[in-house]
There are 2 protein chains.
Amino acid sequence: MIIIYQKFFSLESEKKARIINAALKEFARNGYSKASTNDIVKEAGISKGSLFNYFNSKRELYLFLLDYVVKIIEQIYAEVDWMEPDFFTRMRQLGEVKYKIYKKYPHAFNFIKTAAREDAAEVKPEINRIGKAIIAEGLERGYQNIDWSKFREDIDRERMIKIINWTMLGFAEEERDKVKSFEEVGTEVLKEADEYFSILRRCFYKKEEQ
Amino acid sequence: MIIIYQKFFSLESEKKARIINAALKEFARNGYSKASTNDIVKEAGISKGSLFNYFNSKRELYLFLLDYVVKIIEQIYAEVDWMEPDFFTRMRQLGEVKYKIYKKYPHAFNFIKTAAREDAAEVKPEINRIGKAIIAEGLERGYQNIDWSKFREDIDRERMIKIINWTMLGFAEEERDKVKSFEEVGTEVLKEADEYFSILRRCFYKKEEQ
DNA sequence: AACAAGATGACCAAAGTGGTCAAGGCAATC
DNA sequence: GATTGCCTTGACCACTTTGGTCATCTTGTT
């Protein structure tokens, strides 16, 4: 994993992105076994020979993507201020970083989602190994240092968190469908997201904390 | 569509269900073109010859399912009391009927969801034709006769409805993942759903209406 | 035993699979 | 202009999978 993929990394960055996105899309849509390298090169606009020049096999390509996306996700966690005590401010921050990544790699999150459910024997062991690490880190850090005292006490906290997460997920999905290939929507999406955060604040915070 | 599929309909109902579920699952997972009739017959536990005896082609099978599922969804709408003015009571009712259908055809909703995004030229025209009708009916009836006066007035209604829908969707998905092949979970799921409805009520209704 | 109705899976041509490699393009050096 | 070395290309390979067929076998009824 150190010197390997050197041929790929020395490509011009626009081409790299095209290949990564095409591959992420295909694997996310069809899973490992049904994903077609033919379709990937077609979408990426390169030749088959090139793809297998950069990566020696379909499996290697998949594992490269897995590693790459995991590193991107780690980057999310690194950029977030884990000292911010306000739940919604923090969630907004997290959303903002995710959105930035989504603009560059629209299928990255879908890719890891399907990777988690992948059952092709050729890649499953690697997924499991990496998956455990991610989950361990994610859950621990996730809600650390949050000031829960701001929340209403008559509502079950676990369910409340789920409602908030589902709302953010639903919103993200809606925005994704809306955009398609439109570039640079930018700030208005975040503004709309803030509307939702404002509603959730009014729902779940104590009156005097809003 | 009148006398056709007669061979299929005269099968014993358990076998019919097995075939329908296997096919819905395969099409939902892989889309029309990548779905494999081989995998369908394997999952359904019948022979290839039989499948093509009941349905003359893959396309015919797909269109049959489309029609079948659409009719099931129409049945949902027929069973709901559209006079019930309380938003959450109505949503709960709707959820209950959907849950009943989900128990019989776990992949039906996924199937129409992917069908809506299908782009295989062989079936797209039919999907579009049926799709429009569904959407027209669904949106019109959806929130008729609801007593909106019970709701807080400081929260945007459209966004609120979306939050509620995303919550129900997220809950359903979670429950689905949890169950897998476990049979007859039954009432406890609906009880847990009621917890969420209770929270949403407390969030979005005026104090005195709860 | 004779028959009909259904179910079966080996089989088919056609398409698609991951992967290879000789040939050619292209820029830099001589 | 010739030579060099690196990329890129897509025709090509052996192999698998595809949707669909059909002669044969099972099964139940009379």
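Bear in mind that the values here come from a model prediction, so they are computed numbers and not experimental data.
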Output the rounded distance in Å from [atom1] ([X]) to [atom2] ([N]).
{"X": "A:K34", "N": "C:dG18", "atom1": "NZ", "atom2": "P", "value": "12 Å"}
{"X": "A:F9", "N": "D:dC7", "atom1": "CZ", "atom2": "C1'", "value": "19 Å"}
{"X": "B:K42", "N": "D:dT18", "atom1": "NZ", "atom2": "P", "value": "8 Å"}
{"X": "B:K7", "N": "C:dT8", "atom1": "NZ", "atom2": "P", "value": "15 Å"}
{"X": "A:E12", "N": "C:dA27", "atom1": "CD", "atom2": "C1'", "value": "15 Å"}
{"X": "B:I46", "N": "D:dT26", "atom1": "CD1", "atom2": "C1'", "value": "17 Å"}
{"X": "A:E26", "N": "C:dG16", "atom1": "CD", "atom2": "P", "value": "13 Å"}
{"X": "B:F52", "N": "D:dG19", "atom1": "CZ", "atom2": "C1'", "value": "5 Å"}

(request) Could you work out which one of C:dT20, D:dT18, C:dT17 sits closest to the side chain of A:K48? (result) C:dT20
(request) Among the candidates D:dT18, D:dT8, C:dG18, find the nucleotide nearest to the side-chain atoms of A:L11. (result) D:dT8
(message) OP1 or OP2 of C:dG16 versus the side-chain N and O atoms of A:N38: is any pair under 4.0 Å?
(response) no
(message) It should be established whether B:T37 places a side-chain nitrogen or oxygen under 4.0 Å from OP1 or OP2 of nucleotide D:dG19.
(response) yes
(request) Let me know, please, whether A:G49 or A:A35 comes out on the 5' side of the other along DNA chain C by nearest nucleotide. (result) A:A35
(message) If you assign each of A:S50 and B:S10 to its closest nucleotide in DNA chain C, which residue comes earlier from the 5' end?
(response) B:S10
(message) Between A:Y62 and A:D67, is there a side-chain donor-acceptor contact under 3.5 Å, judged purely by atom types and distance?
(response) no
[X] side-chain N/O to [Y] backbone N/O, donor-acceptor pair under 3.5 Å:
{"X": "B:E126", "Y": "B:L63", "value": "no"}
{"X": "B:S50", "Y": "B:I46", "value": "no"}
{"X": "A:K25", "Y": "A:I40", "value": "no"}
{"X": "A:T167", "Y": "A:I163", "value": "yes"}

(message) With the threshold set at under 4.0 Å for non-hydrogen atoms, list the residues of residues 53-62 of chain A touching DNA chain C in residue-number order.
(response) A:S57, A:K58
(request) Please identify each residue that fulfils ring-ring contact (aromatic ring centres under 6.0 Å, His included) with A:F197, with sequence neighbours left out. (result) none
(message) What's A:K15 touching, base or sugar-phosphate or nothing? Going by heavy atoms closer than 4.0 Å.
(response) sugar-phosphate
(request) Would you please classify the geometry between the A:F9 ring and the A:F64 ring as parallel, tilted or perpendicular, with 30° and 60° separating the classes? (result) perpendicular
